[in-house]
2 protein chains.
Amino acid sequence: MTLEDELGLQKPVALLGHKALLSMCYTASRLRKKAGEFFRPFTLTDVQFNLMMLLKHQSGNKKGLSQVQLSNMMLVNRANITSLVDRMETAGLVARTPAPSDRRTNIIKLTTRGKKLLERVEPMYAREVEGIMAALKEPEQKKLIAMLEKIRSNIGDSNGKKKAPKT
Amino acid sequence: MTLEDELGLQKPVALLGHKALLSMCYTASRLRKKAGEFFRPFTLTDVQFNLMMLLKHQSGNKKGLSQVQLSNMMLVNRANITSLVDRMETAGLVARTPAPSDRRTNIIKLTTRGKKLLERVEPMYAREVEGIMAALKEPEQKKLIAMLEKIRSNIGDSNGKKKAPKT
DNA sequence: AGGCAACAATATACATACGAACAATATAAA
DNA sequence: TTTATATTGTTCGTATGTATATTGTTGCCT
């Protein structure tokens, strides 16, 4: 089933590039909705799961990440992380810790409860993802990733930091 | 530059499928941010532009679409359309019209002001999109679209309507 | 030291998403 | 025809996203 069939689109996607862009955004939208449904029974959102995954796998020796680090990794505004961590702290999934070297900085860490929940959900979600992506064979997935990277590199940095401020 | 380099991701994307999925969502996120920057000078959002494009190009003879039709085409909850149309009505871009055959239904139409704005913005946006998607050659774009469609068809319908409620 | 720019987190106002519950209307079933 | 069910739009509460302004902290430069 094509995008046109699904959405009744014809003229607005006359340009191939426009169609590709729409297709990407619609696919991402559906993926996130699917993820939302998956996580709901755990009183969790895809964003919160993503944050916990970063804390578990990306926090190096320190076992924690600052809010700015999280916002960069998640490609969202710093201001977002404040309320996100607020909610997750209330839910007992993460905790703010003062950074020893810089009093401006909060180090966000997983709580025991957060770790336990992640332990349970992570393998289930991995299976869910594999099920969805099984629509593409391995080499195709690699090609998809390569193409998406090409597009991203053509957009430039997401947080407004210009890549090469010419002159 | 790879996703790992940009985001410092290593372990959470150990699974190829997971990496492909993340790459898609991050790319879409950046595309939408880029679009947001583009539309801001027009006091417009990407979502509002999208809605106007649907009204202009998809509304058939009636020259208007119901809110449920819009929500289906935009893959969002119909509750969303209420406030979206509210804002756009306030901005004078669209208008609610009673449907002649069904008193439950609003037909949303572009106002003259909306049409004029679209006339001005649409060609500029088309150039913007072409610039971004020029990262991929035509056959690559087609392949990308085909792969995304495969994934979408593996997810099922977006609005909770099950495709084949087996027995 | 003292001043000043950069930075981290927060606060605010807004736009967009969701699900759930509701009233009014339309339609199918009895 | 009357009753049951489905659909449309709205409202509510909540989660996420943006840009912008503010506060406190750091660090650099004179």
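Letters A, B, ... mirror the listed sequences (proteins, then strands); counts begin at 1.
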Of the candidate nucleotides dA19(D), dG9(D), dA26(C), which contains the atom at the shortest distance from the side chain of Q67(B)? dG9(D)
Any base atoms under 4.0 Å from L84(B), or only sugar-phosphate, or nothing? Heavy atoms, all strands. sugar-phosphate
Please check the phosphate of dC18(C) (OP1 and OP2 only) for any side-chain N or O of K33(A) closer than 4.0 Å. yes
Of the non-hydrogen atoms in F42(B) and R120(B), which two are nearest, and what is the gap between them? CE2-NH1, 4.0 Å
What one should report as the nearest heavy-atom pair of K109(A) and L55(A) is C-CD1, 4.1 Å
Below the 4.0 Å mark, does dG17(D) have OP1 or OP2 next to a side-chain nitrogen or oxygen of R32(B)? no
Using a 4.0 Å heavy-atom cut-off, does R103(A) contact any base of the nucleic acid, only the sugar-phosphate backbone, or nothing at all? sugar-phosphate
Rounded to whole Å, how long is the line connecting atom CG of L65(A) with atom P of dA8(C)? 14 Å
Measure from CG on D46(A) to C1' on dC18(C) and round the result to the nearest Å. 11 Å
Quick one: label S66(B) by what it contacts on the DNA or RNA (base, sugar-phosphate, nothing), any heavy atom closer than 4.0 Å. sugar-phosphate
By nearest-nucleotide position on DNA chain D, the 5'-leaning member of R78(A) and D102(A) is R78(A)
Starting at CG of N77(A) and ending at P of dC14(C), how long is that distance when rounded to a whole Å? 17 Å
Out of dA17(C), dG9(D), dT18(D), minimum distance to the side chain of N80(B) belongs to dA17(C)
From the candidates dC18(C), dT16(C), dA8(C), the one with an atom nearest any side-chain atom of R87(B) is dT16(C)
Between R78(A) and S71(A), do the side chains contain an N or O donor and an N or O acceptor separated by less than 3.5 Å? no
Remember a base hit wins even if backbone is also touched, and classify T82(A) as base, sugar-phosphate or nothing at under 4.0 Å, heavy atoms. base
Give the rounded distance in Å between these two atoms: CZ of R96(B) and P of dT10(D). 4 Å
Distance-only donor-acceptor check, side chains T45(A) and R40(A), under 3.5 Å: no
Quick one: does R104(B) reach the base of dT7(D) with a side-chain donor-acceptor pair under 3.5 Å? yes
State plainly whether the residues R96(A) and D86(A) are in salt-bridge range, i.e. N to O under 4.0 Å. yes
Can you list everything that forms a side-chain contact (heavy atoms from CB on, under 4.5 Å) with A79(B)? Sequence neighbours excluded, please. N77(B)
Using whole Å, what does the distance between atom P of nucleotide dA8(C) and atom CG of L70(A) come to? 13 Å
Between I81(B) (CD1) and dA15(C) (P), how many Å, whole number? 15 Å
In whole angstroms, the gap separating C1' of dT8(D) from CG of N72(B) amounts to 12 Å
Whole-Å distance, I107(A) CD1 to dA8(C) P, equals 11 Å
Closest-nucleotide 5' rank along DNA chain D - winner of S101(A) and Q48(A): Q48(A)
So if I take every side-chain heavy atom of T45(A) and compare against dA9(C), dG9(D), dA15(D), which nucleotide ends up nearest? dA15(D)
Can you tell me which nucleotide in dA11(C), dT8(D), dC18(C) comes closest to the side chain of A79(A)? dA11(C)
